[in-house]
Amino acid sequence: MDSLLNQASTTTTNSTMTKTSSPARNTNGTANVTKRLQSELMSLMMSSTPGISAFPNDGNLLLWTATIVGPADTPYAGLNFKLSFDFPANYPYSAPTVLFKTPIYHPNIDFSGRICLDILKDKWSAIYNVQSVLLSLQSLLGEPNNASPLNGQAAELWDKDPVEYQRLVLARHRDLSEDELNNSA
């Protein structure tokens, strides 16, 4: 575990330094981002929150793969969803870019995996973290915001035809292989 965190820290710091013209200034900023993400990773690993997980990709602390298990008593119950987190250099002051990689049928998620969720846009705050984002997304699966849909058909069916909605959820869902997940990044 310590090896992964140290390797991720070194990789992140080195890659940021080679991309910037002012290493002294950005190294401190990158160190802060690295420290924050290491802390979040430890919190997630120590947490007993069921149905969510996230880990850095290949030691790159700025790119994570997350998993959400669909909550009980929703059309997504028992389904597994993979997501990607791409953290900006000024995280946590800017939101990560979060995308569903697993195909999903949902009023607030388009077919490219983009998500309409206020805390990932204009309501972002540095108090949010990976765990709170994952819990919000898990909640969104059972309680979509049909007033602000990215998928209008899904929003309409959610209210009017739950049986057809469930059919389309299952028709769209597909577990991704590791190769598919890595190639879609």
Under the rule for salt bridge (Lys or Arg N to Asp or Glu O under 4.0 Å), what residues qualify as partners of Arg36, not counting sequence neighbours? Glu40
Before we go on, tell me: are the rings of Tyr76 and His106 under 6.0 Å apart, centre to centre? yes
Residues which pass side chain to side chain contact (heavy atoms under 4.5 Å, CB included) with Leu135, listed by chain and number, not counting sequence neighbours: Thr49, Ile52, Gln131, Gln138
Listed once per pair and sorted, the salt bridge (charged side-chain N to carboxylate O under 4.0 Å, His left out) pairs that draw on residues 61-76, sequence neighbours left out: none
Which residues pass the side chain to side chain donor-acceptor pair (under 3.5 Å) test with Asn129, sequence neighbours left out? Ser132
Would you give me the side-chain donor-acceptor pairs under 3.5 Å for residues 112-122, sequence neighbours excluded?
| unit_1 | atom_1 | unit_2 | atom_2 | d |
| --- | --- | --- | --- | --- |
| Arg114 | NE | Asp110 | OD2 | 2.7 |
| Arg114 | NH2 | Asp110 | OD2 | 2.7 |

My understanding is that only residues two or more places apart in sequence, or in another chain, count here; which of them pass ring-ring contact (aromatic ring centres under 6.0 Å, His included) with Tyr128? Trp124
Applying side chain to side chain donor-acceptor pair (under 3.5 Å) to Asn90 and not counting sequence neighbours gives Ser94
Which residue pairs satisfy the ring-ring contact (aromatic ring centres under 6.0 Å, His included) criterion with at least one member in residues 132-153, sequence neighbours excluded? none
Residue set satisfying salt bridge (Lys or Arg N to Asp or Glu O under 4.0 Å) with Glu156, at least two apart, ordered chain then number -> none
Using the side chain to side chain donor-acceptor pair (under 3.5 Å) criterion, which residues pair with Arg172? Sequence neighbours excluded. none
Residues in ring-ring contact (aromatic ring centres under 6.0 Å, His included) contact with Tyr165, at least two apart in sequence or another chain: Tyr105, Trp158
According to ring-ring contact (aromatic ring centres under 6.0 Å, His included), who are the partners of Phe85, at least two apart in sequence or on a separate chain? Phe87
